[in-house]
Amino acid sequence: MTIESTNEGQPSRRLRLGMVGGGQGAFIGGVHRIAARLDDRYELVAGALSSDAERAKASAAELGIAPERAYGDFAEMAKTEAAREDGIDVVAIVTPNHVHYAAATAFLEAGIHVICDKPLTTTIADATDLAETVARSGLVFGLTHNYTGYPMVRQARAMVEAGEIGEIRVVQAEYPQDWLTTKLEDTGQKQAEWRTDPTRSGAGGCIGDIGTHAFNLAAFITGLELDSICADLDVFVDGRRLDDNAHVLMRYNGGAKGMLWSSQVAPGNESALKVRVYGAKGGLEWAQENPNQLWFTPLGEPTRLITRGGNGSDDVAEHATRIPAGHPEGYLEGFANIYSDVAEVVTARLEGREPETMATRYPTVQDGVAGVKFIAAVVESSRRGGTWVSASHDPVSAAAE
């Protein structure tokens, strides 16, 4: 299958997108659909939008998906779409965590590129097997750690790569929220209900849901690889089955040290993701709730404000920018940057050309494996009373020793 380019260098058609999950009542499905359409690179044409057959059909009808392409399960969808002349090019998997592995595997084996929500899987074994499947297939796999799509995050990464803050010494990441301060899952609230259920969320609660975002963002900006961690997980709400607060000390390869705090029981915080990076020559600070600003402090000099689309930003930030400076740009656009970057890489393959270089920095399956290993190590360290654990710790392998 090939796509002919237009004279302007744009593909002559949108990529055909399918979606697994994200039906009626699913918040994140709508976010992914908006992100996919923001740069006009995709058209949603198929879906297995719910594990409930009737809800799946009703959801597809609301979204204008043809009845014959509204599937009852993802396995049927993968097989049927792969056999169609006009089958989907890419699938977006936006289900609860426990479905990611099986769904992604089904589509990869059918020859279909994948965009998957995080965390990648619920176990290290599934994560590593999925990475092997991606490598074997040669297909594109994007992971929606959406905060990596923010222009000022990409600006920060470029500055670190250029050596502007020098050798990194200290990394601090935090992501506090307050929405689970009470036992919201007992009210029937869908998002709270599955996120606090270990059979669907995995071994990590807060640490898996938002702690992985903080971990991934620190790694994306710094390029550092984690060596080991020391963690303390808490369940502050009586009767909750998974952690709702986490404190983590981190040691990186090369000697840098880090601290991470994630909490969903911190009143007064809505989505307060923040990263601070300090090196021998200076420091950087970025906060998700003020995403168009990046603070840079060269050693011995006044702090400088770098803004999206304006003061001090460069080409890597411009690549991820859509609207003029001063206008808010953020959450949906971060998702959209990942979708558009994946679209560029997939389209380049279909057209037989090299993709635009700046479009190749989206999180991949390997970032997903690192995130799953991080969750497992945090859970194990806390279980042991806060002892240091290798970042590559595998509880299954350890048990067999």
Side-chain angles (χ1 to χ4, degrees), residues 14-15 17-51 55-56 58-60 62-65 74 88 90-97 99-100 103-104 113-120 141-151 153-154 175 177 179-180 184 189-195 200-201 208-214 216-217 220 264 270-273 288-289 291-292 320-323 327-343 362-363 367-368 371:
R14 303 181 185 98
L15 292 175
L17 179 68
M19 181 168 283
V20 176
Q24 293 172 336
F27 158 73
I28 205 66
V31 170
H32 280 257
R33 288 189 289 272
I34 292 169
R37 290 289 290 136
L38 197 58
D39 293 317
D40 207 26
R41 300 294 297 268
Y42 298 87
E43 180 180 7
L44 182 65
V45 297
L49 300 171
S50 174
S51 56
R55 181 177 291 174
S59 299
E62 288 181 1
L63 296 172
I65 294 173
F74 62 77
I88 60 173
V90 184
V91 67
I93 299 171
V94 298
T95 65
N97 305 344
V99 181
H100 293 178
H113 303 288
V114 174
I115 297 172
C116 184
D117 214 350
K118 45 60 58 187
L120 181 65
F141 191 104
L143 190 72
T144 51
H145 272 297
N146 58 298
Y147 301 108
T148 65
Y150 282 81
V153 167
R154 296 191 175 190
Y175 199 162
Q177 299 175 334
W179 72 294
L180 290 178
L184 187 62
Q189 208 267 14
K190 185 175 181 179
Q191 302 304 317
E193 196 258 335
W194 79 257
R195 280 177 167 82
R200 288 177 286 172
S201 188
D209 190 25
I210 59 174
T212 48
H213 273 310
N216 173 264
L217 193 60
F220 182 84
Q264 291 173 318
E270 294 174 345
S271 194
L273 173 61
Q288 195 270 152
E289 292 181 342
N292 296 312
T321 294
R322 291 172 181 76
I323 58 178
H327 298 283
E329 184 170 339
Y331 184 75
L332 293 171
E333 292 85 353
F335 269 102
N337 282 331
I338 294 173
Y339 268 89
S340 292
D341 286 347
V342 170
Y362 56 86
D367 296 289

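The basis for the numbers below is simple: all heavy atoms, side chains too, and nothing from hydrogens, waters or symmetry mates. Treat the numbers as computed from the prediction; the structure is a model and nothing was measured.
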Under 3.5 Å donor-acceptor, Asp341 side chain and Tyr362 backbone: no

Validation row: Val91, Leu17 side chains within 4.5 angstrom (heavy atoms): no

Residue pair Phe27 / Lys190, side-chain heavy-atom distance below 4.5 Å: no

Pairwise side-chain contact, Leu184 with Leu180, heavy-atom cut-off 4.5 Å (strictly under): yes

Presence of salt bridge, Arg200 and Glu193, under 4.0 angstrom: yes

Glu62 atom CD, over 12 foreign heavy atoms within 6.0 Å: yes

Close side-chain approach of His32 to Thr144, heavy-atom, < 4.5 Å: yes

Shortest non-hydrogen contact between Ser271 and Gln177, atoms and distance: OG-NE2, 4.2 Å

Main-chain N/O of Cys116 paired with His100 side-chain donor or acceptor, under 3.5 Å: no

Side chain to side chain contact (heavy atoms under 4.5 Å, CB included) partners for Ala35, two or more places apart: Phe335, Ala336, Tyr339

Smallest separation among heavy atoms of Ala103 and Val20, with atom names: CB-CG1, 4.5 Å

Asp367 and Phe220, any side-chain heavy atoms less than 4.5 Å apart: no

Pairwise side-chain contact, Val31 with Ile28, heavy-atom cut-off 4.5 Å (strictly under): yes

Minimum heavy-atom distance Tyr42-Arg37, with the two atoms named: O-NH1, 3.1 Å

Minimal non-hydrogen separation, Pro363 against Ile338, with atom names: CD-CD1, 4.1 Å

Side-chain donor or acceptor of Tyr147 paired with backbone N/O of Leu217 under 3.5 Å: no

Within-4.5 Å side-chain heavy-atom neighbours: Leu49 and Leu63: yes

Under 3.5 Å donor-acceptor, Lys118 side chain and Asp209 backbone: yes

pair Leu143-Leu120: side-chain heavy atoms closer than 4.5 Å: yes

Over all atoms of both residues, closest heavy-atom pair of Gln288 and Pro291: O-CD, 3.1 Å

Exercise: identify the closest heavy-atom pair between Thr212 and Gly371: CG2-O, 4.1 Å

Test side chain to side chain contact (heavy atoms under 4.5 Å, CB included) applied to Ser340 - qualifying residues, sequence neighbours left out: Asp39, Arg41, Arg322

Backbone of Val94 reached by a side-chain donor or acceptor of Asp117 within 3.5 Å: no

